[in-house]
2 protein chains.
Amino acid sequence: MDAINIKQLAAKLNLSTSTVSRAFRGHSDINKETKERILAMAKELNYQPNHLASNMREKRSKTIAVIVPEIANNFFSQVIRGIEGVAREKDYHVLIYVTDDNYEKEVAYITHLNSGRADGVIMSVSGEANDHQYLKKLKSKRMPLVFFDRVYEDIDTAKITTNDYESSFDATEHLIKAGCKKIAYLVVNKNLSIGKTRMNGYIDALKKHGLPYVDEYVIDCSNDYEANSLILKEAFKILKPDGVFASVERLAFSTYYVSYELGIKIPEDLKVISFSSLEIAPLLNPSLSTITQPAFDMGVKSAKILFRAMESGGDFSESDNLILNSKLIQRRSSGG
Amino acid sequence: MDAINIKQLAAKLNLSTSTVSRAFRGHSDINKETKERILAMAKELNYQPNHLASNMREKRSKTIAVIVPEIANNFFSQVIRGIEGVAREKDYHVLIYVTDDNYEKEVAYITHLNSGRADGVIMSVSGEANDHQYLKKLKSKRMPLVFFDRVYEDIDTAKITTNDYESSFDATEHLIKAGCKKIAYLVVNKNLSIGKTRMNGYIDALKKHGLPYVDEYVIDCSNDYEANSLILKEAFKILKPDGVFASVERLAFSTYYVSYELGIKIPEDLKVISFSSLEIAPLLNPSLSTITQPAFDMGVKSAKILFRAMESGGDFSESDNLILNSKLIQRRSSGG
DNA sequence: TTGTAGGCGTTATCAT
DNA sequence: ATGATAACGCCTACAA
């Protein structure tokens, strides 16, 4: 009762394996009747060509790998949904790898992919460490790589990002116009390119409006809820900011929790805006002002660019560096 | 500069492919020095055994498939995270398939998996249609299948679910004790086993407390936000429920939006409780009372059971039907 | 239109 | 300890 193979099927039909193979590959030179006979019998015996074998023969896996820092996160899950949809259309399969922002895992995944498991990679980087040699190996193996959102600048490959600098500038300016004088910038990893870019927008907006840039107002958080809670509690007590710009959704949530706890009223005492892909931002208490990235669309575009590269031999062009626009949506948390 | 293979590597070293192969498989009979020489050269040439080939040889893919109705959803993304973690430990890879609650896609995915792409499947079903023949084929191919959360009762395989009946009973009772007399039950697909089970809990709780069961109070919704908004608006206007029990997170969100719009005050005019895995339920306006399923844990357990089955030849035992407990967390939306 | 045969890259078996 | 060889299941160039 085990899986049947092409040989057995051919035997049952008194045909050669080539003919059977042809029936499945939409080949030209095959008698219509024979083909039908084959497909009918295949159905009856529940035969399907073995992918492992045919992929090996054709030297491709019909699979793409998606590497993300986390998955239980609105932004990434929406991106993945976008990627999955495109892959499905192309009849490709999607492997998921979660790095938990861990550099070693990232290296390990990429390294293991160097072995025929995937034909291409879409990834949002962990941002730890500075040695990106392991990624260059992909290139030498002609395995196209697309970065989205969090990228390594020193790797020359397609990058799908959003206009982080402008958005951050706008968000900060938005808080200033709402009357904030002491705006805290919440970040998870200052060294990550994305953290830097967003911070520059913040700094330049302060400058433009003649507000001083104060180092302490840049609050370096972690990926851990508990830890962030402590960090923010301390910071809020000491600095007493009247505005918070969270560079990551999670930090906005922590801001809410801490504010509840300390009796800080949003938006009266503290105005908040955050990068976020949360679809229910309007349902929060108070509704959260957001800079919303086109997550789903980023997934779709990343996948399309990857497929184009795979179809054309693995090369990218300058036009494969896309910068999409995020949307600033003002809600109650920033005084709207 | 293309990928190198074992033959070329062996040639460079003046060794046979067998010896090189042994170096990679931790085989006993190999000279330590030779092994080191091989590994060093492999590193230099960036050689890695081709998975497609070795998997084919060993007749397994070291891959599991995860099929879910949707992915941009807290419950499913947390389950996936759990699965992914276990898979990683076992050095397995994870394929993701999204059905969008579409029966045809479900059938298509399952059918295509009958071909060596995966060694096992974890799935939460779409629940459309009643012909589950296609799943039986998996069994004949010795491909273990684990259902989680949404299952087909007529398929004899491992099932990881939660105590939906009891949770629903408790949730309904909770609303009754909070003073509700006219409780609406919101459901997406009445015919899905999960919808039925949860509804039974609702019905029995009404009975126990002497409240009439009224057909109109069971409100059949869809997966579309817009459509649900209309359905609920109509229903709320006509039925004027004082309690809502949402069998799915999404419907609680719609309830909030509609209530805002109609000026219905939660919890004063309407008390709400919902199945939900939302980590920020406390931040909603008002904070949402939830029945929270142990999503991450369900993922972990599903994966572990699948691996045990794969390791032991594909069979499940009665003890592989797990029923985990959800937690009822009372918050402001139900009057807490 | 169909069949024959070789090879994709790896590994286990058997021999040396 | 190492090497030669066959086999995994499929596909295609070539032959008939």
Side-chain angles (χ1 to χ4, degrees), chain A residues 2-39 41-42 45-63 112-119 141-143, chain B residues 2-39 41-42 45-63 112-119 141-143:
Chain A
D2 243 342
I4 198 179
N5 65 24
I6 198 172
K7 237 180 182 164
Q8 299 170 286
L9 179 58
K12 287 251 189 222
L13 290 156
N14 277 320
L15 286 170
S16 77
T17 59
S18 352
T19 311
V20 175
S21 176
R22 280 189 270 256
F24 284 93
R25 318 217 82 231
H27 253 282
S28 44
D29 295 339
I30 183 166
N31 187 307
K32 211 180 157 194
E33 273 179 40
T34 324
K35 183 169 173 179
E36 278 164 13
R37 217 158 56 86
I38 294 173
L39 294 182
M41 180 66 85
L45 298 182
N46 189 20
Y47 165 80
Q48 288 195 241
N50 181 305
H51 275 296
L52 252 36
S54 69
N55 286 340
M56 167 166 156
R57 182 62 229 251
E58 296 175 10
K59 296 199 170 200
R60 53 174 198 157
S61 56
K62 282 212 147 204
T63 303
H112 281 310
L113 283 174
N114 276 328
S115 52
R117 225 177 226 292
D119 300 340
K141 299 241 183 167
R142 302 231 182 93
M143 172 116 85
Chain B
D2 243 342
I4 197 179
N5 65 23
I6 199 171
K7 239 179 183 164
Q8 299 169 287
L9 180 58
K12 288 250 190 222
L13 290 156
N14 278 321
L15 286 171
S16 75
T17 59
S18 335
T19 311
V20 174
S21 176
R22 279 190 270 257
F24 284 93
R25 318 216 84 229
H27 253 282
S28 45
D29 295 340
I30 183 166
N31 186 308
K32 210 179 158 195
E33 271 179 43
T34 325
K35 182 168 173 179
E36 277 164 13
R37 220 159 54 87
I38 295 173
L39 294 182
M41 180 66 87
L45 299 183
N46 190 18
Y47 165 79
Q48 288 192 241
N50 182 306
H51 275 295
L52 251 37
S54 73
N55 287 339
M56 167 166 156
R57 187 58 234 252
E58 296 174 11
K59 295 196 169 200
R60 53 172 199 160
S61 56
K62 281 213 147 204
T63 303
H112 281 309
L113 284 174
N114 278 325
S115 54
R117 220 173 230 294
D119 300 339
K141 298 243 184 167
R142 301 232 182 94
M143 172 116 86

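When reading the values below, keep in mind they use all heavy atoms of this one structure, side chains included, and skip hydrogens, waters and symmetry mates. Letters go in sequence order (proteins before strands), and every chain restarts at 1.
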Looking at A:N50, does any N or O in its side chain come under 4.0 Å of the phosphate oxygens OP1/OP2 on D:dG9? no

Nucleotide of C:dG9, D:dG9, D:dA1 approaching B:M56 most closely (side-chain heavy atoms): D:dG9

Remember a base hit wins even if backbone is also touched, and classify A:L15 as base, sugar-phosphate or nothing at under 4.0 Å, heavy atoms. sugar-phosphate

Any side-chain donor-acceptor pair under 3.5 Å between A:S21 and A:S18? no

Looking for any heavy atom pair under 4.0 Å, which part of the strands does A:F24 touch: base, sugar-phosphate only, or nothing? nothing

Ignoring backbone atoms, test whether A:R60 places a side-chain nitrogen or oxygen under 4.0 Å from the OP1 or OP2 oxygen of C:dC8. no

Pick base, sugar-phosphate or nothing for B:R22, based on heavy-atom distances below 4.0 Å to the nucleic acid. base

Would you please name every residue forming a side chain to side chain donor-acceptor pair (under 3.5 Å) with B:R22, sequence neighbours left out? none

Pairing residues for B:E36 by the side chain to side chain donor-acceptor pair (under 3.5 Å) criterion, not counting sequence neighbours: none

Looking at C:dT1, D:dC10, D:dA1, which one has an atom nearest to any side-chain atom of B:T34? D:dA1

Tell me what B:S18 touches on the nucleic acid: a base, only sugar-phosphate, or nothing, going by heavy atoms under 4.0 Å. base

Hey, could you give me the OG1/CG distance between A:T19 and A:L13, rounded to the nearest 0.5 Å? 10.0 Å

Reading DNA chain D from 5' onward, which residue's closest nucleotide shows up sooner: B:S16 or B:E58? B:S16

